[in-house]
Asks: 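One structure coming up, written as structure tokens, with questions to follow.
Any value given below was found using the heavy atoms of this structure, including those in side chains, with hydrogens, waters and symmetry copies removed.
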Amino acid sequence: MDLTLHEGVAEQLAALDLDAARPLLAVDVDEVIVGLAGHLAEYARDNGFALRLTGYKLDGALWRADGAEASREEFNTLFRGFFETQTRHQRIYPGVVEALAALSDKAQIVILTNVPFHAREDRVANLAGHGITYPLVANAGPKGPALRWLDDRSGPMAFIDDSPAQLASSATDAPDVTRIHFVGDRVLRGYLTDIEAAEHRADDWAELGRIVQRVLFGMTP
């Protein structure tokens, strides 16, 4: 088990003001709080490409106007451009603000997102514009080490993410953290129906709120 933290991630974690006695909820952003795939498809179209998803992955999903699959370089350029220009404009999923506000009465909330470091401040600004101002940590790579760090410094903890790989990372490196799977986009949700590492799943933020209330506080609102 490698729990080595990226230096930039460790600095952000160390700056958090955590209460070791309070429950903590760690929440991903892309496809959990805000949409990514639909917005990326619009951005691709505006730049002469088409995003054609056939599964829960972006590899091989970008196509040029001439019908040829985009190169890795073209994909990387488009993806970087998206985060450079669109991060501040990503659209929020219904019910997020209300659910997080209700949970924050009893739990600490940390936003744990793999947004590129160069787009971190844009992500903070985007979420603040939607009324979400909880501390944000820009992670790099697997989230397990960061979750373990957070779990060691808080009360009972839960983690919401859309990525099977990140939930598996949590299961390996932070097994005491309750893992909840959620995908905001209905089409993408259909590609992921049985995630081995997930202990719970939800289809909307109202349901997410009820699950977190139950696993962190032992109550059903």
Asks: Mind checking whether F83 and H118 have ring centres under 6.0 Å apart?
Replies: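 No.
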Asks: Taking the side chain as every heavy atom from C-beta outward, state whether D28 and F182 have any atom pair closer than 4.5 Å.
Replies: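 Of all side-chain heavy-atom pairs linking F182 with D28, none is under 4.5 Å.
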Asks: Is it true that, when you exclude D66 itself, more than 12 heavy atoms of the residues, nucleotides or ligands shown sit nearer than 6.0 Å to its CG?
Replies: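 Yes - once you tally the heavy atoms of other residues, nucleotides and ligands closer than 6.0 Å, there are more than 12.
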Asks: Check the pair H200 / E207 against side-chain contact (heavy atoms from CB on, under 4.5 Å), numbers first and verdict last.
Replies: CA-CA 10 Å; H200 305 273; E207 186 178 4; over 6 Å; no
Asks: Should L25 and V97 be regarded as members of a common hydrophobic cluster, given that ILVMFWY residues are connected when their side-chain heavy atoms come within less than 4.5 Å of each other, either directly or indirectly?
Replies: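 Same cluster: L25 reaches V97 through Ile, Leu, Val, Met, Phe, Trp or Tyr contacts under 4.5 Å.
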Asks: May I ask you to say whether R91 pairs ionically with E42, meaning some side-chain N is under 4.0 Å from a carboxylate O?
Replies: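 Looking at R91 and E42, the cut-off is met.
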Asks: So do R186 and R189 actually touch side chain to side chain, heavy atoms under 4.5 Å?
Replies: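 With C-beta onward as the side chain, the pair touches.
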Asks: How far apart are the closest heavy atoms of A138 and V9, and which atoms are they?
Replies: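 That closest heavy-atom pairing would be O-CG2, 3.5 Å.
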Asks: Is the shortest distance from a Lys or Arg side-chain nitrogen in D152 or R148 to a carboxylate oxygen in the other one below 4.0 Å?
Replies: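 A salt bridge is present here (some side-chain N lies under 4.0 Å from a carboxylate O).
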Asks: Rounded to the nearest 0.5 Å, how far does CZ of R22 lie from CE of M157?
Replies: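 These two atoms lie 14.0 Å from each other.
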Asks: Treating Ile, Leu, Val, Met, Phe, Trp and Tyr as nodes and any side-chain heavy-atom pair under 4.5 angstrom as an edge, say whether V27 and V183 lie in one connected cluster.
Replies: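 Not linked; separate clusters.
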Asks: Is it the case that the side chain of E84 and the backbone of A119 share a donor-acceptor pair, with hydrogens and angles ignored and the cut-off at 3.5 Å?
Replies: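 Judged by distance alone, no pair lies under 3.5 Å.
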Asks: Answer yes if the ring centres of F159 and H181 are under 6.0 angstrom apart, and no otherwise.
Replies: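 No, too far apart.
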Asks: Taking atom OG of S170 and atom CG of L147, what is their separation to the nearest 0.5 Å?
Replies: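 That separation rounds to 5.0 Å.
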Asks: Can you tell if the side chain of L51 reaches within under 4.5 Å of the side chain of L58, non-hydrogen atoms only?
Replies: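 Answer yes - side chains close enough.
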Asks: Are the side chain of T172 and the backbone N or O of A168 linked by a donor-acceptor pair below 3.5 Å?
Replies: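 Indeed, once roles are kept as given, a pair shorter than 3.5 Å links the two residues.
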Asks: Do the side chains of E74 and R64 get close enough for a salt bridge, i.e. N-O under 4.0 angstrom?
Replies: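 Between R64 and E74 there is a salt bridge, with a charged N closer than 4.0 Å to a carboxylate O.
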Asks: Could you walk me through whether L216 and K106 pass the side-chain contact (heavy atoms from CB on, under 4.5 Å) test, one step at a time?
Replies: CA-CA 9 Å; L216 289 186; K106 296 185 177 67; over 6 Å; no
Asks: Determine, for D59 against R72, whether the closest basic-nitrogen to carboxylate-oxygen distance falls under 4.0 angstrom.
Replies: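 Salt bridge: yes.
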Asks: About how many Å separate CD of Q166 and CZ of R179, when rounded to the nearest 0.5 Å?
Replies: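 Rounded to the nearest 0.5 Å, the CZ-CD separation comes to 13.0 Å.
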Asks: Which pair of heavy atoms, one from V34 and one from R123, lies closest together, and at what distance?
Replies: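 Smallest interatomic distance, heavy atoms only, reads CG2-NH2, 4.2 Å.
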Asks: Hey, quick one: are L127 and Y93 part of the same hydrophobic cluster, counting side-chain heavy atoms closer than 4.5 Å, chains of contacts allowed?
Replies: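 In one cluster with L127: Y93, yes.
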Asks: A44 and L62: which non-hydrogen atoms are nearest, and at how many Å?
Replies: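 Where A44 meets L62 most closely, the heavy atoms are CB-CD1, 4.0 Å.
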Asks: So, taking the atom named NZ in K143 and the one named CG in L150, what distance separates them when rounded to the nearest 0.5 Å?
Replies: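 Here the interatomic distance stands at 11.5 Å.
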Asks: Taking atom types as modelled, is there a side-chain donor on Y134 or Q108 under 3.5 Å from an acceptor on the other?
Replies: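 Side-chain D/A pair, Y134 to Q108: absent.
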Asks: Would you give the length of the straight line joining atom NE2 of H130 to atom CD of Q90, rounded to the nearest 0.5 angstrom?
Replies: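 CD of Q90 is found 8.0 Å from NE2 of H130.
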Asks: Working to the nearest 0.5 Å, report the span between CG of D162 and CD1 of I160.
Replies: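 Answer for the CG-CD1 pair, D162 versus I160, is 11.0 Å.
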Asks: Is the closest side-chain heavy-atom distance between N126 and H89 below 4.5 Å?
Replies: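 The answer is no; the side chains never approach within 4.5 Å.
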Asks: Test side-chain contact (heavy atoms from CB on, under 4.5 Å) on V110 and V137 and set out the steps.
Replies: CA-CA 7 Å; V110 172; V137 174; 4.1 Å; yes
Asks: Please check: side-chain N/O of R80 versus main-chain N/O of P116, any donor-acceptor pairing under 3.5 Å?
Replies: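 Answer holds: no.
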Asks: Side chain of N114, backbone of G141: donor and acceptor closer than 3.5 Å?
Replies: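 Indeed, once roles are kept as given, a pair shorter than 3.5 Å links the two residues.
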Asks: Show the nearest heavy-atom pair for residues L53 and Y191, with the distance to one decimal.
Replies: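 Taking L53 first and Y191 second, the nearest heavy atoms are O-OH, 3.2 Å.
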Asks: Do V96 and I132 have side chains that get closer than 4.5 Å, going by heavy atoms?
Replies: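 Side-chain contact under 4.5 Å: yes.
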Asks: Test of understanding: clusters of I, L, V, M, F, W, Y form through side-chain heavy atoms closer than 4.5 Å, transitively. Do I195 and Y56 belong to the same one?
Replies: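 Same cluster: I195 reaches Y56 through Ile, Leu, Val, Met, Phe, Trp or Tyr contacts under 4.5 Å.
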Asks: Minimum heavy-atom separation for P94 and W205, please, with both atom names.
Replies: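 That closest heavy-atom pairing would be O-CB, 3.7 Å.
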Asks: Determine whether Y43 and F49 make a side-chain contact, defined as any pair of heavy atoms from C-beta on separated by less than 4.5 Å.
Replies: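 They are not in side-chain contact.
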Asks: Specify the closest pair of heavy atoms between V215 and A158, including all atoms of both residues, with the distance to one decimal.
Replies: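 So the minimum-distance heavy-atom pair works out to CG2-CB, 4.3 Å.
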Asks: Cluster question for you: counting only ILVMFWY and a side-chain heavy-atom cut-off of under 4.5 Å, with indirect links fine, are L100 and F217 together?
Replies: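 Same hydrophobic cluster.
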Asks: Can R153 and D19 be counted as an ion pair, charged N to O under 4.0 angstrom?
Replies: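 Salt bridge absent between R153 and D19.
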Asks: For F117 and Q12, run side-chain contact (heavy atoms from CB on, under 4.5 Å): C-alpha distance rounded to whole Å, both residues' side-chain angles, the deciding distance at 0.1 Å, then the answer.
Replies: CA-CA 11 Å; F117 286 165; Q12 296 173 74; 4.1 Å; yes
